[in-house]
Amino acid sequence: MIEVRNLTKRYGTTVAVDDLSFSVPAGRVTGFLGPNGAGKSTTMRMILGLDAPASGSATIAGRTYHDLPAPLYEVGALLDAKAMHGGRSAANHLKVLAQSNGIPASRVKEVLAMVGLDAVARRRTKGFSLGMGQRLGIAGALLGDPGVLLFDEPVNGLDPEGILWVRNMMKSLAAEGRTVLVSSHLMNEMAVTADYLVVIGRGKLISEGSVSDFIERSGHRSVLVRSPDLDRLKQLVMAAGASVRPTPDRPGLEVANMDSATIGQIAAANGVVLHELTPRQASLEEAFMELTADSVEYAATTTGRPR
Amino acid sequence: MTAPAPPFGITGGDAPASRTGRVRPATFLDAVRAETTKLRSVRSTWITLLIATVLSIGISALVSALTANHYASASPVDKATFDPTSISLAGFGLGQLAIAILAILFITSEYSSGMIRTSLAAVPKRGRLLGAKVVVYTAVALVLGEVLAFISFLVGQVLLEGQAPHVTLGDHDVLRAVIATGLYLAVLSIISIGFGTIVRSTAGAISLLVAVLFVLPGVAHALPTSWERAVTKYWPTEAGRQVTSVVPTDHVLGPWAGFADMCVFAVIVMVVAAVVLQRRDA
Ligand SMILES: Nc1ncnc2c1ncn2[C@@H]1O[C@H](COP(=O)(O)OP(=O)(O)OP(=O)(O)O)[C@@H](O)[C@H]1O
Ligand SMILES: [Mg+2]
């Protein structure tokens with residue numbers, strides 16, 4: 001259980017994290033989402049006591065990170081795949097971490113095998129690919145078999161097999177009752193990995209809750225309709241108060257503000273043949289875009305998303 | 001049927017089970033072990049220590065041999081202040097640089113690689129991390145420094161013998177000067193780790209070190225004599241070096257007083273380093 005209370009962090013005049021409060025429950029994968037520069041990494045650094053907050057607190061099972069007697073046994077973190085000395089071998093990197101917390105040396109071999117790096121254990125990490133660095137970082141996080149895990153963009157640089165591996169790993173870690181906080185840019189990745197979401201923008205909390213709540217809250221739902229008599233159906237549903245737009249990739253209509261049952265009834269009452277009637281939920285990505293639209297700090301101007 | 005072991009758990013029977021609370025608190029000694037592994041597990045350590053060895057012994061031997069050859073034609077003044085001990089330890093003028101640079105790298109490489117965040121997450125008590133680094137590196141510098149000092153001294157005296165005055169370890173103050181060479185290197189290492197911690201960048205810390213060791217004392221020579229004497233007398237590395245020679249120069253603190261002066265400076269640097277390390281974001 002991680003508790004973040006009124007956390008604020010300033011770098012000069014930049015307010016990186018702004019009075020942020022949320023909690024990360026055990027037994028679930030909690031996705032930590034936000035656009036670039038939202039303050040995710042900064043928040044994670046403050047949880048780990050690396051950066052000092054201007055005000056507020058972050059605690060792990062009621063204690064600050066600094067007060068943990070052997071922190072690697074309680075919290076494992078992957079912040080940055082490159083947070084290691086390139087001249088040191090993977091096995092020695094882990095040995096250093098293990099020794100610093102009194103973790104048995106046998107554990108190094110175990111975690112190297114878990115992340116699939118046993119073959120390159122003796123190689124210096126300078127030559128590692130980004131994905132190998134991520135795996136080594138994850139191995140470091142797992143060293144002390146901790147109950148709390150923090151991963152900052154763990155799938156960054158991983159191949160599809162690696163992404164699947166990380167996803168399954170996080171799920172099983174949570175299923176074992178651990179607290180798992182994982183930040184990502186990949187909303188659709190979070191949709192299949194996380195059970196619970198903390199969404200921030202410009203350092204402020206935007207939403208906290210289950211994934212389905214989040215999508216619901218974004219209010220973006222529609223029904224996909226295909227019919228040989230599309231024009232008539234369009235007039236009918238619009239007259240009944242729905243809004244429509246053509247589907248981009250194939251002939252059909254996307255109907256908003258009306259559920260599929262009502263559309264079906266209207267069609268039947270007017271003898272319109274339907275070829276398809278598919279309710280569709282917004283993807284997490286769309287919901288995310290919608291909720292964070294106001295807080296995107298580094299929007300690409302060419303796509304015209306208003307700031 | 002037995003339940004399968006959790007896929008990510010510690011499976012060994014006697015391994016500490018973190019989530020059941022059976023964990024012994026991490027100690028300073030754990031941090032010392034980790035820092036020892038850090039130092040041993042990178043190639044640059046061994047290369048730099050080899051360079052320190054070659055420079056210290058090689059240059060000491062070279063200077064001793066050349067001095068021996070030219071002693072006959074030396075001026076009476078030079079002969080009066082002739083210090084066979086200092087000559088046989090001449091290589092440490094450069095050798096100290098290699099040892100100090102490695103001390104700097106021991107901390108600055110953590111900043112340049114990003115390892116510092118991993119290190120501080122593993123050891124959040126920052127004073128402990130810094131203390132462990134100082135203990136490990138100072139011990140290495142001390143032991144290596146003593147070994148190199150004795151070898152350089154013995155080789156140098158053999159080369160001086162016959163052509164110029166030479167001394168033995170039994171002569172007055174000679175053993176003190178040789179032993180103090182290792183002590184000087186140990187204290188210089190503490191100062192260097194402090195510089196590295198304060199400055200964080202390798203280039204910046206090395207510049208600072210070179211300024212303190214060579215540039216500022218050199219600048220002092222350009223000052224009026226009275227100023228020069230005051231600066232040279234108390235400048236930590238100049239004062240500290242007096243203990244490594246037998247024949248005293250004029251206008252300096254005594255050997256141990258000079259060394260104490262350098263130790264005080266090392267303590268000040270270390271206190272500043274510890275404070276900034278505590279206060280700063282990693
Ligand atoms: N050490 C620092 N010094 C100055 N500003 C910083 C520092 N670290 C972060 N910031 C600023 O704080 C804000 C939040 O940055 P942070 O890295 O926490 O965002 P993020 O959500 O992790 O972004 P991303 O998704 O791109 O990783 C940004 O505006 C960033 O420029
Ligand atoms: Mg980030």
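Computed from heavy atoms alone, side chains included, the values below leave out hydrogens, waters and symmetry copies.
Distance check, rounded to the nearest 0.5 Å: NZ of Lys95(A) to OG of Ser41(B) gives 8.0 Å. Taken from CZ in Arg280(B) to CG in Asp51(A), the straight-line distance is 12.0 Å, to the nearest 0.5 Å.
At most 12 heavy atoms of other shown residues, nucleotides or ligands fall within 6.0 angstrom of atom CZ in Arg10(A). Other residues, nucleotides and ligands contribute over 12 non-hydrogen atoms within 6.0 Å of the CZ atom of Arg63(A). For NZ of Lys171(A), the number of neighbouring non-hydrogen atoms (other residues, nucleotides, ligands) closer than 6.0 Å is greater than 12.
Side-chain contact check for Asp30(B) versus Ser100(A): every heavy-atom pair is 4.5 Å or farther apart. Side-chain contact check for Lys125(B) versus His66(A): some heavy-atom pair is nearer than 4.5 Å. Looking at heavy atoms from C-beta onward, Gln99(A) lies out of side-chain contact with Glu35(B) at the 4.5 angstrom threshold.
Under a 3.5 Å cut-off, the side chain of Thr118(B) and the backbone N or O of Ala83(A) do form a donor-acceptor pair. Between the Tyr65(A) side chain and the Ala121(B) main chain, a donor and an acceptor come within less than 3.5 Å of each other.
With a threshold of 4.5 angstrom between heavy atoms, Asp80(A) does not approach chain B through any atom at all. Of the two parts of Ala52(A), the backbone and the side chain both hold a non-hydrogen atom closer than 4.5 Å to a non-hydrogen atom of chain B. For chain B, no part of Lys126(A) is nearby; none of its heavy atoms comes within less than 4.5 Å. For a residue to count as touching a neighbouring chain, one of its non-hydrogen atoms must lie under 4.5 Å from one of that chain's; by this rule Leu78(A) does not touch chain B.
Comparing Arg33(B), Arg43(B), Lys38(B) by heavy-atom pairs within less than 4.5 Å of chain A, the highest count is held by Lys38(B). For the set Ala122(B), Pro25(B), Gly114(B), Ala26(B), the count of heavy-atom pairs under 4.5 angstrom toward chain A peaks at Ala122(B).
Using a 4.0 Å cut-off between a side-chain N of Lys or Arg and a carboxylate O of Asp or Glu, Arg45(A) and Asp281(B) do not qualify as a salt bridge.
Across all non-hydrogen atoms, the minimal contact from Ser113(B) to Met84(A) is CB-O, 3.3 Å. Contact between Arg126(B) and Gly49(A) at its shortest, heavy atoms only, is NH2-O, 3.2 Å.
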